[in-house]
Amino acid sequence: MSSLKFELLKQSERSKARRGRITTLHSVIETPVFMPVGTQATVKALKPEEISDMGARIILSNTYHLYLRPGHELIKEAGGLHKFMNWDGSILTDSGGFQVFSLGKLRKISEEGVKFQSHIDGSSHMLTPEKVMEIQTALGSDIMMAFDECAPYPADRNYVKNSLERTSRWLKRCKEAHWNTEKQALFGIMQGGMYKDLRKLSAEQIVEMDLPGYSIGGLSVGEPKEIMYDVMDECVDYLPKEKPRYLMGVGSPDCLFEGVARGIDMFDCVLPTRIARNGMVFTSEGKLSIKNKKYERDFTPLDHKCDCYVCRNYSRAYLRHIFKANEILSSMLLSHHNIYYLVNLMKEIRLAIEEDRFEELRTRFYEETGDTWKL
RNA sequence: UCCAAGGUAGCUCAAUGGUGGAGCACUCGGCUGUUAACCGAUAGGUUGUGGGUUCGAGCCCCACCCUUGGAG
């Protein structure tokens with residue numbers, strides 16, 4: 001019995017969009033799917049049952065952060081990450097590869113792995129493919145990500161090539177260190193920066209490993225959207241149709257549409273929760289900054305088309321007030337709305353694909369949200 | 001009534017006699033595998049009032065007004 005099953009339910013004929021279903025030990029996940037991010041074993045400001053009630057069946061957490069604090073051994077002792085954080089759906093754990101990018105000044109890369117200086121206490125730690133697999137095995141995630149290097153943008157071709165080839169070698173080591181194959185699936189990560197031929201090279205090297213799923217990494221790292229879409233166009237074609245494709249770190253509503261249209265099945269992003277804590281929300285009419293004075297006496301809901309708990313019970317005026325007053329409830333309510341918005345958006349997208357009207361939904365989305373998502 | 005300390009941005013406070021600043025608040029913007037309840041920008045001033053000394057005063061001198069504390 002395999003740790004992960006992917007069924008391709010429908011392939012759209014007018015685009016690469018497709019409907020699928022992933023089954024892991026903990027849940028059945030309808031795709032395309034958006035995965036909320038819970039880096040430190042919590043989707044910030046939200047209770048697991050809220051996320052579950054919205055219909056989300058999978059969330060993402062992070063190897064690097066949990067290894068540093070509270071430590072993977074402790075989580076193993078607690079009975080695994082699911083039990084520890086009270087989440088009974090599926091969990092995908094990122095490998096710490098993104099931290100190679102985001103903690104740029106605090107790390108040193110070698111063939112063996114990456115030496116990090118903890119951003120918490122400055123202590124030194126070595127993450128290797130083997131170590132990362134050990135940590136993710138202890139956490140007990142349903143989907144483990146291979147250890148990769150997320151190259152910065154811009155980066156010169158030579159750097160990107162060396163980096164991607166090392167990532168491929170690290171993937172091989174991850175696979176060799178992967179023993180809990182009955183319960184946990186390992187995904188490989190494509191790199192290659194903005195160079196299409198390098199994307200192809202990376203894809204060939206990782207697909208050869210015959211893994212249950214593949215992701216596209218190294219995008220949405222500061223490049224213009226046109227470039228990201230352009231690279232995505234090609235990337236997907238290099239990945240097998242019968243395996244789930246995961247675009248890492250992408251999650252603005254427009255990018256979700258563009259990703260789905262290009263054949264992506266899975267997405268994750270900190271955007272909805274982060275911008276919520278900073279007073280920004282998604283609505284059916286585009287972005288809305290609850291900080292703006294124009295909402296001071298606006299007693300209507302955030303989004304009149306939304307039927308989430310927040311939109312059913314609170315006004316913009318109230319949400320503005322608690323945000324300005326720096327009340328904790330502000331983060332809770334705005335995060336709830338934003339996650340609901342994306343989870344629901346994906347639900348609509350799945351239905352549209354089933355009914356052969358994804359393109360119409362996509363067009364309508366851009367019409368209704370105006371220039372909010374302009375490139 | 002006397003004594004003391006003090007009056008500088010909306011608030012709390014900086015500023016050897018030499019171009020009046022900061023934090024917070026306000027207004028706006030940004031955030032894409034979380035080092036982020038974060039970061040950035042705009043705006044905001046007759047330095048309590050009136051005199052004086054000085055090339056030059058928020059700062060020194062005089063008077064007055066106001067605030068706080070103490071004494072009676």
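Quick note on labels: first sequence line is chain A, next is B, and so on, each numbered from 1.
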Checklist line | Upstream residue (5' side of RNA chain B) when A/K291 and A/F101 are each assigned their closest nucleotide | finding: A/K291
Margin query: Filter on ring-ring contact (aromatic ring centres under 6.0 Å, His included), then keep only pairs touching residues 13-52 of chain A, sequence neighbours left out; what's left?
Written below: A/H26-A/H82
Only distances under 3.5 Å count here; give the side-chain donor-acceptor pairs of residues 206-222 of chain A to other protein atoms, sequence neighbours excluded, each with its distance to 0.1 Å.
residue, atom, partner, partner atom, Å
A/D210, OD1, A/K243, NZ, 3.2
A/Y214, OH, A/V207, O, 3.2
A/Y214, OH, A/D210, N, 3.4
A/Y214, OH, A/L211, N, 2.8
A/S215, OG, A/G188, O, 3.3

Notebook entry, point to check: If you find the nucleotide of RNA chain B closest to A/E327 and the one closest to A/C269, which residue's nucleotide is nearer the 5' end?
Noted result: A/C269
Next item on the list: Would you please test A/W170 and A/V132 for side-chain contact (heavy atoms from CB on, under 4.5 Å) and show each step?
Entry: CA-CA 10 Å; A/W170 284 356; A/V132 158; over 6 Å; no
Notebook entry, point to check: Is the A/Y314 to A/H321 ring centre distance short of 6.0 Å?
Noted result: no
Got a list of side-chain donor-acceptor pairs under 3.5 Å for residues 260-276 of chain A, not counting sequence neighbours?
residue, atom, partner, partner atom, Å
A/R262, NE, A/Y229, O, 3.2
A/R262, NE, A/D233, OD1, 2.9
A/R262, NH1, A/E258, O, 3.0
A/R262, NH1, A/E258, OE1, 2.9
A/D265, OD1, A/R18, NE, 2.9
A/D265, OD2, A/R18, NE, 3.3
A/D265, OD2, A/R18, NH2, 2.7
A/D265, OD2, A/R245, N, 2.8
A/D268, OD1, A/Y246, OH, 2.7
A/D268, OD1, A/G249, N, 2.9
A/T273, OG1, A/V270, O, 3.1

Note to self: Hydrogens and angles aside, do A/D307 and A/Y340 bring a side-chain donor and acceptor to less than 3.5 Å of each other?
What the structure shows: yes
Checklist line | Bounds of contact between RNA chain B and chain A, in 5' to 3' order, using a heavy-atom cut-off under 4.0 Å | finding: B/rC26 to B/rC38
Note to self: Under 4.0 Å, heavy atoms only, any strand: does A/Q191 hit a base, just the sugar-phosphate, or nothing?
What the structure shows: base
Checklist line | Sugar-phosphate only, base, or nothing, as touched by A/T273 at under 4.0 Å among non-hydrogen atoms | finding: base
Margin query: Regarding A/E234 and A/R199, does a basic nitrogen lie under 4.0 Å from an acidic carboxylate oxygen?
Written below: no
Margin query: What does the 5'-to-3' dot-bracket notation of RNA chain B look like when only Watson-Crick and G-U wobble pairs under 3.5 Å count, and pairs to other strands show as |?
Written below: (((((((..((((....[..))))..((((.......))))......(((((..]....)))))))))))).
For residues 46-58 of chain A, please give each side-chain donor-acceptor pair under 3.5 Å, one per line with the distance, not counting sequence neighbours.
residue, atom, partner, partner atom, Å
A/E50, OE1, A/H336, ND1, 2.7
A/E50, OE2, A/K47, N, 2.9
A/R57, NH1, A/S52, O, 3.3

